[in-house]
Student: 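Okay, here's the structure, questions in a sec.
Letters A, B, ... mirror the listed sequences (proteins, then strands); counts begin at 1.
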Number of protein chains: 4
Amino acid sequence: MSPRSKKQFEALRASSTSRILNAALELFGTVGYQATTIAQIAEKARVSKGLIYNYFDSKEALLKAMIEELSKEGEKIMQTVDTDDPTKMLESIIRGAFNWLRNHEKQNRLIMGLVTQVDQFDFVHDMANRKMKEYMELISELLRKIKFPNHRTEARILTTLFDGIGVQYLVLKQDYPLDEVEEMLIKRYCLPKKGNS
Amino acid sequence: MSPRSKKQFEALRASSTSRILNAALELFGTVGYQATTIAQIAEKARVSKGLIYNYFDSKEALLKAMIEELSKEGEKIMQTVDTDDPTKMLESIIRGAFNWLRNHEKQNRLIMGLVTQVDQFDFVHDMANRKMKEYMELISELLRKIKFPNHRTEARILTTLFDGIGVQYLVLKQDYPLDEVEEMLIKRYCLPKKGNS
Amino acid sequence: MSPRSKKQFEALRASSTSRILNAALELFGTVGYQATTIAQIAEKARVSKGLIYNYFDSKEALLKAMIEELSKEGEKIMQTVDTDDPTKMLESIIRGAFNWLRNHEKQNRLIMGLVTQVDQFDFVHDMANRKMKEYMELISELLRKIKFPNHRTEARILTTLFDGIGVQYLVLKQDYPLDEVEEMLIKRYCLPKKGNS
Amino acid sequence: MSPRSKKQFEALRASSTSRILNAALELFGTVGYQATTIAQIAEKARVSKGLIYNYFDSKEALLKAMIEELSKEGEKIMQTVDTDDPTKMLESIIRGAFNWLRNHEKQNRLIMGLVTQVDQFDFVHDMANRKMKEYMELISELLRKIKFPNHRTEARILTTLFDGIGVQYLVLKQDYPLDEVEEMLIKRYCLPKKGNS
DNA sequence: CATGAATGAGTGTTCATTCAT
DNA sequence: AATGAATGAACACTCATTCAT
């Protein structure tokens, strides 16, 4: 009855789980969480509806798992930034933020859509809230280290800009000069200023 | 022939319509469009479900009416800004944007939630797209007039900041120093620069 | 308070009532009774929804009134047929039946649609039943008088044919040779037979 | 991979589908299509409302499926008639038509009810139209072969009679002498005439 | 007599979830 | 582990009918 090894089973599990998560992300990130049906996810993942409930307790649990995975991925990226030279680190963070936007369009769309609903997806709201504050603190600290004037205010500006870029990029798409804005921010915050000395 | 006067009917209609629109805005702007049911709207507006369909063809038509009203309101505000002195005008626009954020939280939430869904609420997406570009052009032109260096790039920054502030304010609420950021932007863009002369 | 004479009021009543009945017939007879809404009737009659309920207790009462009017009209037509010469009378009846089909398409459609529903429009069913039997008796008697062989069976055939023609005309419309069939029936039943003597 | 065998699923599907179709026919054919609710069908089929939508896209699709099945059944019956001897064939067709009336009361009622509504169930109208013309052609040809005088006109009479019998039987039920009329038609059209030789 | 805004029970339909296999 | 048939609560929407004026 059990000719498959444990490893095979686990591989199966992993494969199905990730197929489901990928399909869900694809749909949540385009048509939205509420407008996506379990049937659509099952079809896109080429899996039966029932199987989804073997791995996830509910549609919301599936969402939660996705958000958590996303949160972990975000942390992982943060840990790869160089921690010695504050200027290099800031540049690394800025470039990382822009790359995130480029590579996680669906995720951004999803989160943006969820974060607007009050009292319903508190775990998303909380995560967004926490991340925003973490970013703020980190960047503020870096700007202080590189002796950028008004470092707190500038950190506010910079983090706010990140979110603004996210929204504008999401709406304007190719019309938004992502590369240009990236270089401009690098220049403003990571290069030695001439006239500000 | 007519037992209630035309005026009476008109008043009745206006009252119901606005009650419905208000209730819908309240709900769409908090729990979201899709998560809001017609029954909830009817209850909040203290009106029967059926009556809503006397005034709006469908749930989506109700949304459309709301968005259009919003769009008009936006235009009206834009027309009130002083058009003589570019510096004054820019300040007026910036202050207007912040006041909009303060007074239209529900609307912002709603639009932000809708704009993320692709191929579903194109009229919202289109409006957002158009407004963003209009703002960009207007501000760019003003910065050029007041001889702000790199006026196009700075206009990009400023409009992007508006959206970013919207997102952060929406998530962080009281934790976001709205007033402080407002003053800072006024100072940066509307006051004579010392070192830049 | 009552500056209008009784006659004026009655004229008003008659006008509205008949406008409503006409509109209802138009709609019942094309889209069907159930598919027709009171709102559609009101609109077509250029009358308010409420007024319809001044004259008719309910949608079904409106239908009943229509059917009754129709029934009376049918009787009136029957009374106009010449009662002296049985052959002439038969011809008159046959021609009358064909003219009825030509002039009462909507009514036929309506009745045909209603008569199929069991336990719902018994008054229609009953009327149809009664009319069919009356016709059968009358024609049978006439055929007997003109010494048509197998007069009962032939009466059955003839009345059945009337209904069949109704159905086929209703479905095939211009493709059905109504005039041709009319002449054929007249020839068969109302002219002296050559070979059958 | 699959817990229930393909066959098991197939059997389940077939069972549910036919239960639903039977229940729908029962109701459509008595109270009528529009007056029948999905809830009633579900209850009579001892099935949940939702399941109906697993098999049929909509109430109208359910009707369409029923009509199509009916159309196929009609063709099947037509193919069983003896094709060698035209007289035998004609008798077979006449007897077939009467048996159809006896065994398909609900279907006839349903179709008769639908065919009266214009611009709404065109597929029913079209089918009725087509069948009528097919029958007309076939019978006309047979009468020609057996050298019946005025074969076209007589074919018209005969097919019209079929429909008329349908209507009268539907209204008069047991009061209509179906058997008697059947024998009479057989005698008139399928037996060698005395005086016509 | 006449209006049309207002109601609410009822309709077709959807969809997350369960369960026998 | 996997299937998909089955459920039923919930939804958007309709419409005959009422009623204040």
Side-chain angles (χ1 to χ4, degrees), chain A residues 2 4 8-10 12-13 15-16 34 36-42 47-60 62, chain B residues 1-6 8-13 15-17 34 36-42 47-60 62, chain C residues 2 4 8-10 12-13 15-16 34 36-42 47-60 62, chain D residues 1-6 8-13 15-17 34 36-42 47-60 62:
Chain A
S2 175
R4 279 185 249 213
Q8 276 176 312
F9 268 123
E10 257 163 50
L12 234 65
R13 282 188 69 94
S15 155
S16 291
Q34 337 233 15
T36 298
T37 71
I38 293 287
Q40 286 171 331
I41 297 172
V47 141
S48 72
K49 267 187 295 173
L51 191 64
I52 294 177
Y53 286 87
N54 270 14
Y55 298 119
F56 304 96
D57 283 345
S58 66
K59 192 182 172 187
E60 188 167 341
L62 173 54
Chain B
M1 280 291 187
S2 189
R4 267 188 251 209
S5 70
K6 278 255 163 74
Q8 276 174 308
F9 276 131
E10 192 53 49
L12 234 49
R13 289 182 64 89
S15 154
S16 291
T17 304
Q34 338 230 17
T36 298
T37 71
I38 293 286
Q40 287 171 332
I41 297 172
V47 141
S48 70
K49 265 187 300 170
L51 191 64
I52 295 177
Y53 289 89
N54 268 17
Y55 298 114
F56 304 96
D57 283 343
S58 65
K59 191 182 171 186
E60 187 167 342
L62 174 53
Chain C
S2 176
R4 277 185 251 212
Q8 274 177 313
F9 265 123
E10 256 164 52
L12 232 65
R13 280 187 71 93
S15 156
S16 290
Q34 337 232 17
T36 298
T37 72
I38 294 286
Q40 286 171 330
I41 297 173
V47 140
S48 73
K49 267 188 297 173
L51 190 62
I52 294 179
Y53 286 88
N54 270 13
Y55 298 119
F56 305 97
D57 283 345
S58 66
K59 191 182 173 187
E60 189 168 340
L62 174 52
Chain D
M1 279 293 185
S2 189
R4 269 189 250 210
S5 71
K6 279 252 163 75
Q8 275 175 310
F9 276 131
E10 191 53 47
L12 233 50
R13 288 181 68 87
S15 155
S16 291
T17 305
Q34 338 231 19
T36 298
T37 71
I38 292 287
Q40 287 171 332
I41 297 173
V47 142
S48 70
K49 266 188 299 172
L51 191 64
I52 294 177
Y53 288 88
N54 269 15
Y55 298 113
F56 304 96
D57 284 343
S58 65
K59 191 182 173 188
E60 186 168 343
L62 175 53

Student: Whole angstroms only, please: what is the CD-C1' distance between D/Q8 and E/dC19?
Tutor: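 D/Q8 atom CD is separated from E/dC19 atom C1' by 14 Å.
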
Student: Kindly point out which of E/dG4, F/dA6, E/dT7 is positioned nearest to the side chain of D/S16?
Tutor: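 So the nucleotide nearest the side chain must be F/dA6.
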
Student: Would you check if the side chain of B/S15 reaches a backbone N or O of B/A11 as a donor-acceptor pair within less than 3.5 Å?
Tutor: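 No, because the side chain of B/S15 does not come within donor-acceptor range (under 3.5 Å) of the backbone of B/A11.
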
Student: What's the CD-P distance between B/E10 and F/dT21, to the nearest Å?
Tutor: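 To the nearest whole Å, that distance equals 18 Å.
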
Student: Report the residues that fulfil side chain to side chain contact (heavy atoms under 4.5 Å, CB included) with D/Y53, sequence neighbours left out, ordered by chain and then residue number.
Tutor: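 Here the qualifying residues are D/I38.
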
Student: How does DNA chain F look in dot-bracket notation if pairs are Watson-Crick or G-U with both distances under 3.5 Å, crossing ones as [ ], other-strand ones as |?
Tutor: .||||||||||||||||||||

Student: What is the distance from CG of B/L51 to P of F/dT17, rounded to the nearest Å?
Tutor: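 Roughly 19 Å, once rounded to whole Å.
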
Student: Rounded to whole angstrom units, what separation is found between the NZ atom of B/K6 and the P atom of E/dA5?
Tutor: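 To the nearest whole Å, that distance equals 11 Å.
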
Student: Counting side-chain heavy atoms from CB outward, which of E/dA16, E/dG12, F/dT17 is closest to C/I38?
Tutor: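 The answer is F/dT17.
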
Student: Between C/V47 and B/S15, name the one whose nearest nucleotide on DNA chain E is closer to the 5' end.
Tutor: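 Counting from the 5' end, the first nearest nucleotide belongs to C/V47.
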
Student: Only counting residues at least two apart or in another chain, list the ones meeting side chain to side chain contact (heavy atoms under 4.5 Å, CB included) with A/S58.
Tutor: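 Expected list: A/E60, A/A61.
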
Student: Please lay out, stage by stage, how A/I41 and A/V47 fare under the test side-chain contact (heavy atoms from CB on, under 4.5 Å).
Tutor: CA-CA 8 Å; A/I41 297 172; A/V47 141; over 6 Å; no

Student: Go through the structure and list residues passing side chain to side chain contact (heavy atoms under 4.5 Å, CB included) with C/Q40, not counting sequence neighbours.
Tutor: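 C/Q40: side chain to side chain contact (heavy atoms under 4.5 Å, CB included) contacts with C/L27, C/T36, C/T37.
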
Student: What does B/T36 touch in the nucleic acid at a heavy-atom separation under 4.0 angstrom: a base, only the sugar-phosphate, or nothing?
Tutor: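 Result for B/T36 = sugar-phosphate.
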
Student: Begin with the C-alpha distance, continue with both residues' side-chain angles, and end with the deciding distance and a verdict on side-chain contact (heavy atoms from CB on, under 4.5 Å) for D/L62 and D/Y55.
Tutor: CA-CA 8 Å; D/L62 175 53; D/Y55 298 113; over 6 Å; no

Student: What are the residues of residues 52-60 of chain B, sorted by number, that bring a heavy atom to within less than 4.0 Å of DNA chain E?
Tutor: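 Result for residues 52-60 of chain B: B/N54, B/Y55, sorted by number.
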
Student: Which nucleotide in the set F/dA6, E/dA5, F/dC13 lies at the smallest distance from any side-chain heavy atom of A/K49?
Tutor: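 Per side-chain heavy atoms of A/K49, the pick is F/dA6.
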
Student: Which one, E/dA5, F/dT7, E/dG12, comes nearest to the side chain of B/L12?
Tutor: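 Among the listed nucleotides, the one closest to the side chain of B/L12 is E/dA5.
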
Student: If you look at every heavy atom in B/A39 and B/K49, which pair is closest and at what distance?
Tutor: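 Of all heavy-atom pairs spanning B/A39 and B/K49, the closest is CA-CG, 4.0 Å.
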
